[in-house]
Structure formats: structure tokens, C-alpha cells
Amino acid sequence: MPAAYQPFTFTHSNRRVISAWNGLDKLGDLAREAGAKSPAVVLDAFFENGEVAARVVDLLQAATGTKPALHFVPAHEPDTDTIEACYRALAAASPDFVVALGGGSAMDTAKVARLLLSNPGSAESVSGFGKLFKPHASLLVAVPTTAGTGSEVSESAVAGKAGSDIKLIFRSQEMTPHIALLDGSLSMTAPAKVTAASGYDAVTHAVEAYVSRAASVMSDPFAESAMLLLGQWLPVAYREPTHQDARSWCLIASCQAAIAFNSANLGLAHAIAAPLGALHHVPHGLGNALALPAVAAYNEAAMGPKAAVVARAFGGATAAAGLSKLRQLLGLDLSLDGFVGTDEERELVAQAAMKSGQVRMNPRLATIEDMRAIIQAMRTPTGGGEPVIAL
Ligand SMILES: [Fe+2]
């Protein structure tokens, strides 16, 4: 615990979390309980021809007497066109019960599209921070199918501006799902690469929220629990995709990490992962895996007693070594050079990362020279050892 009292702001970003193996079957009861008459389901396109979509339709039809409207979200990261297509589908269905099922893309798309139902306009018109929105009367149930973004318990969403490299951030408590339904059985079919990258995104949420300047005694227990669970169970979920405990614990941890970062914010790894995604199409979780061990090495002294807690959670002599070891176990110990090839491109990533609001949340305030040194360190895989930052 910190020695001196610190003021803080903490927003509870979830109202109800339900965790159960095969918990998807509870959707019917939840719809009945809500008195739903007009359900709609937004799903990841991954589930288009599978048993999951048919199961959701049957459960909701039996509970409400109405066949739910279905809308499938493309697998790539969402943009404003994706959101507006989903909005049109939801507007046609006029739903009183919305299920968002999938990874971060499907959940983020559904959250913003539903917000547009009560605040009509373009997707871009509801982007940004601090805007007041009218609530929508429907109940929103988010069902994550990968352990990663934690979008099921956050008030934010991210999407590209169609036809550009610009990432829009959406943030409003009106987007917070009413119920997060965590069913580990749905994540068993995720490819190993997705388990690894999205899982490392959750790790990065937990660590960056824990050491953030906006961390508090309210967010720390969530972040610390998430780190401990992911350190123990993410490698198991990666090696044994059908391991029930591993899948369940990783989903719970990703949800806890998001509850923490919803208030505590993030740090330099996310500041760097954003331009890697926007400019070089590096998947978000992989961008974090490339950055976090180097960022942790850079932050080590500024983390104070929390550095030892992070190190212990991931089984390393230091926080950076533990995170580097986990990255190697997950097959993510790669060089930045595979994605960003030239000095000029690295400089553009550094400049863009410095513009992120997360830079101010990081425990050590980075200059552009520091950012360049971190990005330079990301060129060398660490083999599970300590990254070297040349400063
Ligand atoms: Fe993230």
C-alpha cells in the first residue's frame, strides 16, 4: 500500500459480471428477466456459420417469442463504416435487448452503434471524450470470446476513421454494457496466435493500469489480480486450448484488467501500439508484446515497490524480465524490424506515440529521445531476458 494518501477518481465500469462455463445458455433467462420482446445480436463474422449463432437465435427466440435480428461484424479492426452498417441493422430491428458477442471488434462496434440509436448522426459525431449522450433503453449484454480487450466492462471503444489512418476513441458511460457474460467455452476455438496476442493485450492493460500515474487503491486490486491470473494461466491457455480453468481465468483476468484501466488508464506500450496498428497494421496485442518489456525496463526505477509485484506475477527477476519471459512462452518474441523497416518509419512511430494521452499516465515521463530509445530496443528479440535500453 502507498505510504501517503493520494486523491483519486475511480469509475465502476461494470454493473454485473456473470462467469460460467457454457454461460451462453443463460442468455434466455437474462432476456426473460429483462422482459425483452425485440432482441438483436451483433456477432463476430467468425461465428457466421457455426453452432454459436444458431444457439443464440434459439435461446432468444424461445425467451422472447421473436427471432432476433442478426448482424455480423467483419473480422478486421472496426472503422466508422463498420459501425454505421451495424447501426443501420440495429435501427431496423429497434431492439430492447442487444447482445454483442465476439472479440473487441464486435463489442466495440455494437457499443458505438447502439449509442447512435439514441444519438443519431455519423459514427464520428459521437467520438471523443466528455460529450453528453442520451441513454438508450435497451439492455446491453457483452459476451467476449477472447481474453483481451475487456471491452465487455469498459466505457470506451476504438475504431478507425474509414479511408484514413486516424483512430477514433469513443468514451461514454452510456456505452458500458449492463451485463458482461464470461463463458470460457467460447474462447476454446480461438487460434493459438489470437490467444497469445489478445492475451498479451490483457497483460499490458493490467501492468500499465497498475503502474499508471492514475492508479489508485480502487483500481490496484483488480490490476494485481489480473496480473497474477494471466501470469499463471495465459501460457496454459496457449498450450492447451481446451483447458477449462485456463480459459475461464484468462477471461476473468481480462475483465479485471479493463475495470482497472477504465479508471487508471494505460502507458507507453499502448501509446506505441496505436501507431504500429494505424501505420503498419500490427495487430494491437502484438504491438503491445513488442513494446511492453522494453517499456517496463525503461520504467523499472519509476515503478517503486510495484516493480517487484509485477516481477513476481510474471516470474522474473525484474518486471521487464518476467514480461519478456511470458512473451517468449507465447511465441511473441519478435523484432520490430519485421513490421517497421526504416529509420524514417521508426521516427514517425515515435512522433505519433508522443502525441498519445497515455504518455502522461506512464510512471516515467518520456521525452522524444526516450521514446526513440525504447523503439530502438524493440528491434532486438530478448530471448526471455532483460531488454537493453540505450539511454
Ligand atoms: Fe489494449
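The chain is numbered in sequence order, starting from 1. Because the structure is predicted, anything quoted here is derived from the model rather than measured. First listed ligand is number 1; within each ligand, the first listed atom is number 1.
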Engineer: Hydrophobic cluster mates of F129, side-chain heavy atoms under 4.5 angstrom, ILVMFWY only, any path?
Structural biologist: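 Besides F129, the cluster holds I169.
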Engineer: Does one side chain, of S151 or K111, offer a donor that lies under 3.5 Å from an acceptor on the other?
Structural biologist: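 Yes, side-chain donor-acceptor contact under 3.5 Å.
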Engineer: Between D370 and Y298, do the side chains contain a donor N or O and an acceptor N or O under 3.5 Å apart?
Structural biologist: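 A donor-acceptor contact under 3.5 Å links the two side chains.
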Engineer: The test is salt bridge (charged side-chain N to carboxylate O under 4.0 Å, His left out); show your working for R16 and E33 and say whether it passes.
Structural biologist: CA-CA 14 Å; R16 189 165 164 193; E33 189 185 286; 2.9 Å; yes
Engineer: Do any side-chain atoms of residues 271-282 form donor-acceptor pairs under 3.5 angstrom with protein atoms, and if so which ones, sequence neighbours left out?
Structural biologist:
none

Engineer: Suppose we screen for side chain to side chain contact (heavy atoms under 4.5 Å, CB included). Which residues come up paired with T146, at least two apart in sequence or across chains?
Structural biologist: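 Testing T146 for side chain to side chain contact (heavy atoms under 4.5 Å, CB included), a comparison that skips the adjacent residues, returns A190, V194, S198.
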Engineer: Under 2.8 Å from the Fe ion (ligand 1), which protein N, O or S atoms are there? Could you list them by chain and number?
Structural biologist: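 Per the 2.8 Å query on the Fe ion (ligand 1), atoms found are D201 OD1, H205 NE2, H270 NE2, H284 NE2.
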